[in-house]
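One structure below.
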Amino acid sequence: MIIHTPHPDLPAPTTSVGAIGWLKRNLFSSPVNSLFTLAALYVLYQLVPPMFNWAFIDANWVGDSREACTNDGACWVFVRVRFTQFMFGFYPETEYWRAILAFCMLGSLIGYLLIEGLPKKGWVAGFTIIGYPVFAYALFYGGWFGLPVVETYKWGGLMLTLILSTVGMFFALPCGIILALGRRSSMPVARSLSVVYIELWRGVPLITVLFMSSVMLPLFIPENIRIDKLLRALIGISMFQTAYMAEVVRSGLQALPKGQTEAADAMGLSYWQSMYLIVLPQALKTVIPGIVNTFIELFKDTSLVMIIGLFDLLSIIQSSFTDSKWLGFSVEGYIFAGLVYWIFCFSLSQYSQHLERKLHTGHARM
Amino acid sequence: MAKPEETTVWWNQAHNRALMFQVLLGLAVALFFFFIGRNALHNLEQRGITTGFAFLGQKAGFGISQSLIPYSEVGSTFGRTFVVGLLNTLLVSALGIVCATILGFTIGVARLSSNWLIAKLASIYIEIFRNLPLLLQIFFWYFAVLRTLPSPRNSMQLGDWAFFLNIRGVIIPRPIYEQGFGLVLAALIISFAAMVFLKLWANKQQEKTGQQFPVLLISLAILAVVPTVAYYAAGTPLHWELPELKGFNFQGGISILPELAALLIALTVYTASLIAEIVRSGILSVSHGQTEAARALGLRQGKILRLVIIPQAMRVIIPQMTSQYLNLVKNSSLATAIGYPDLVSVFAGTTLNQTGQAIEIIAMTMAVYLTFSLTISFFMNWYNARSMMKER
């Protein structure tokens, strides 16, 4: 009898496994690739160490005046000293808690709605949409319960950026849904009005819309009514954002198979019933990533309000460069502004991609 | 057969309801416009502003730092400022579109590279720049980079060339065409025509015989040789006017405003990060089976890209790309923030402040952008219809 004992597998060549194998596969797979890798490494070597030194090793962190910045590197003292102003603008220091409370509350409400499996979400959603805006406005503006009034021109910094983007979103979503339904309606008047509105606002830059709302709006209302600057900016942003939101929602409506509406009609549901119960829940579900993406765009675009003289995050940082005590620290300021914007936008876009994967269940072709 | 008897009252019938709703909607919109129109007329009267476009013929009386057409502070009209601004917008948009496309394609392809380091660097670039507000990027390039450059006296110079970089911008030599330069241009046009002809001939030849002809090499040779020969035959009819430092500033040459440079860099860098993502998704949208099939046919890597992948990827890329171009044109209006004299800055800014004709000026500005976007979407629909997959 012959017994075959298979020879044990030889280990793979050392050059194709482990770190060396990885390097060979991913960085030096061909002469051209090796050249690219070396060039990229050289550029990184030229750029990264000096930047790292400037931002961290040689940077100045402690102190409270310009004199503290003695090293060659970045002067983060500037950002630290100005930090509260960058966050709250000219909002009185003793009242910061109001803004913090309002945003924490919004954060926890949204968090509650996003975590799966919590009870009574309908009530919480209802409060977020109807109760919370009133409450937040009362908190920001004051004038009740002994809270001192803070006029809107004192609102600023990151707080204002967040207010502009959330309020813009808050109005844009329902109006956008209505416009999207209008654009897909069979009634010619409703359809053409929606198309004109959407294409008009989507065709012009946000700056002209802001100019319009700040210069033309006062002409359009009776002369005894005065609208303050913040409200004018909010109106402009909301009108602009509505058009974009309408297109996002419309893409969801279009993706929905026609059978759904036909089935709803066959069940004898009225138009609004079929929209509310059948069409919108499915359509909105598929466009949530798109809605988050428009929110990111809006968040970045709020920086434009600087042009009509509001002090949002970017604008207040920009204006702090003109302070004669702190001349010459614009790079630090821009990096700080960039970091704040980047953290918000990047985390939102990661969240939107996560949602896209999670919702990528039913209809879409893989 | 007898007509079935109507059971619902007339105001509950669907078409009557739709009609009533539309009439009400139309009335509400009309009422809204009547209301704001009446208010606007009243308010304008109160402020003593005359309506109409007569102001376009008045003398403007302010300077514009960059103008592609003759413009003078004393003699030119407000109508002229509109054209100057429009041309400046078009200039920065056209340059931005070209640069952003090149950079965006490069980075999009780099993102898909098999080289790990290159792919990672490309994705870091994309994630950084598309998540920062464009206005912040413009400010950064303008105030933190270009405004910190040295004064004209201590200009940075590019080698021994007459390229100077200082706080007033970039100064480059100005080409001066002399008599006979037309000959060079003609040679250039002829060589392009020859290239097209060659390509057509080579295609026909390949279809007939299967033989391939080295079109690219010969085209490049034509492009290099013919105009050069013409240039020397015409007696080198091109000279450069070199910029020279006189006193505190440079004389001669072409100077590119730092505002234009900052705006162009920011628009390019930002839009390229978005275009790179579009290019990547376009290339990924072509199914892998196409590459495998092309390989099975014996095509080489370069040809697979050029003949199989890119044409199909373009179908996904072009519509998104046009909307990015449109966004770039609209975003160029951020020029206002750093004072580059574009349409919004010159016309909806300075001219508006001087005349107070808010409604007319904003309407004209919006109409310009609207025309752009409607034209481009018209073109895009045409292209889409043409390039759509012919499904059977």
Side-chain angles (χ1 to χ4, degrees), chain A residues 22 25-30 32-34 36-37 40-41 43-44 186-190 193 199-200 202-209 211-212 215-216 218-223 296 299-304 306-307 314 318 321 328 330-331 333-335 337-338 341-346 348-349, chain B residues 18-19 21-23 25-26 29 35-37 39-40 42-44 46-47 110 113-119 121 127-128 130-137 139-140 143-145 147-148 326 329-334 336-337 344 348-349 352 358-359 361-362 365-366 369-374 377:
Chain A
W22 186 88
R25 261 197 318 281
N26 292 307
L27 296 180
F28 300 100
S29 59
S30 68
V32 183
N33 255 342
S34 312
F36 275 137
T37 307
L41 282 176
V43 171
L44 283 180
S186 57
M187 294 184 251
V189 175
L193 283 175
E199 293 305 326
L200 179 69
R202 270 164 43 92
V204 298
L206 179 56
I207 281 203
T208 55
V209 179
F211 265 129
M212 195 198 100
V215 209
M216 272 163 81
L219 293 176
F220 287 154
I221 51 170
E223 53 179 333
I296 297 176
F299 188 78
K300 288 190 286 177
D301 281 348
T302 52
S303 54
L304 267 61
M306 151 184 241
I307 285 152
L314 180 57
Q318 177 75 18
F321 299 150
S330 55
V331 177
Y334 288 133
I335 288 181
Y341 279 111
W342 192 83
I343 288 171
F344 269 94
C345 295
F346 184 71
L348 275 172
S349 80
Chain B
L19 196 68
F21 175 74
Q22 293 188 73
V23 168
L25 187 69
V29 172
F35 175 72
I36 62 170
N39 281 334
H42 176 76
N43 284 328
L44 287 174
Q46 289 280 311
R47 299 178 191 194
S113 160
S114 60
N115 187 322
W116 181 85
L117 188 63
I118 299 281
L121 285 179
E127 289 303 342
I128 288 181
R130 72 169 181 180
N131 283 319
L132 290 176
L134 179 58
L135 189 61
L136 174 69
Q137 298 190 31
F139 279 160
F140 178 81
F143 290 110
V145 178
R147 289 266 102 186
T148 52
L326 213 53
V329 175
K330 288 189 275 175
N331 283 335
S332 72
S333 61
L334 292 181
T336 322
V344 173
L352 175 69
I359 297 179
I361 285 178
I362 300 271
T365 313
M366 283 186 161
Y369 287 104
L370 213 56
T371 318
F372 283 146
S373 80
L374 290 183
S377 35

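Only heavy atoms go into these numbers, but all of them, side chains included; no hydrogens, no water, no symmetry mates.
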* To do: Over 60° means perpendicular and under 30° means parallel, so classify the ring planes of A:Trp22 and B:Trp116, tilted if in between.
  => perpendicular
Looking at [options], which one has more heavy-atom pairs under 4.5 Å with chain A than the rest?
options	result
B:Gln22, B:Arg130, B:Glu127	B:Gln22
B:Leu134, B:Thr336, B:Thr148, B:Ile359	B:Ile359
B:Ala348, B:Gly26, B:Ser114	B:Ser114
B:Leu334, B:Val145, B:Leu374, B:Leu44	B:Leu334

Heavy atoms only: give me the nearest [X]-[Y] pair and the separation to one decimal.
X	Y	answer
A:Gly203	B:Lys330	O-CD, 3.7 Å
B:Ser333	A:Ile207	O-CD1, 3.3 Å
B:Leu135	A:Met306	CD2-SD, 4.1 Å
A:Phe220	B:Asn43	N-ND2, 4.4 Å

* To do: Take A:Val204 and B:Leu370 through the side chain to side chain contact (heavy atoms under 4.5 Å, CB included) test and state the conclusion after the steps.
  => CA-CA 6 Å; A:Val204 298; B:Leu370 213 56; 4.2 Å; yes
Heavy-atom proximity to chain B below 4.5 Å, by part of [X]:
X	answer
A:Leu314	side chain
A:Leu41	both
A:Ile307	side chain
A:Ile335	neither

Kindly indicate whether the side chain of [X], heavy atoms from C-beta on, has any atom under 4.5 Å from the side chain of [Y].
X	Y	result
B:Asn115	A:Leu27	yes
A:Thr37	B:Ile118	no
B:Leu121	A:Val43	no
B:Phe35	A:Pro222	yes

Do you know which of [options] has the most heavy-atom pairs with chain B at a distance under 4.5 angstrom?
options	value
A:Ile221, A:Leu348, A:Val331	A:Ile221
A:Val189, A:Leu44, A:Val209, A:Ile296	A:Val189
A:Asn33, A:Val215, A:Thr208	A:Asn33

* **Crowding at CZ, A:Phe36 (>12 non-hydrogen neighbours, <6.0 Å)** =>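 Open: at most 12 neighbouring heavy atoms sit under 6.0 Å from CZ of A:Phe36.
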What part of [X] gets closer than 4.5 Å to chain A, counting heavy atoms only: side chain, backbone, both or neither?
X	result
B:Gln137	neither
B:Val29	side chain
B:Phe372	neither

* Qualifying residues under salt bridge (Lys or Arg N to Asp or Glu O under 4.0 Å), relative to A:Arg202, sequence neighbours excluded -> none
Rounded to the nearest 0.5 Å, what separation is found between the [atom1] atom of [X] and the [atom2] atom of [Y]?
X	Y	atom1	atom2	result
A:Asn26	B:Leu117	CG	CG	10.5 Å
A:Ser303	B:Leu136	OG	CG	7.5 Å
A:Asp301	B:Asn331	CG	CG	7.5 Å
A:Met187	B:Leu19	CE	CG	10.5 Å
A:Phe211	B:Thr365	CZ	OG1	9.0 Å
A:Tyr334	B:Leu132	OH	CG	13.0 Å

* Who are the ring pair (Phe, Tyr, Trp, His ring centres under 6.0 Å) partners of B:Phe140, not counting sequence neighbours? -> none
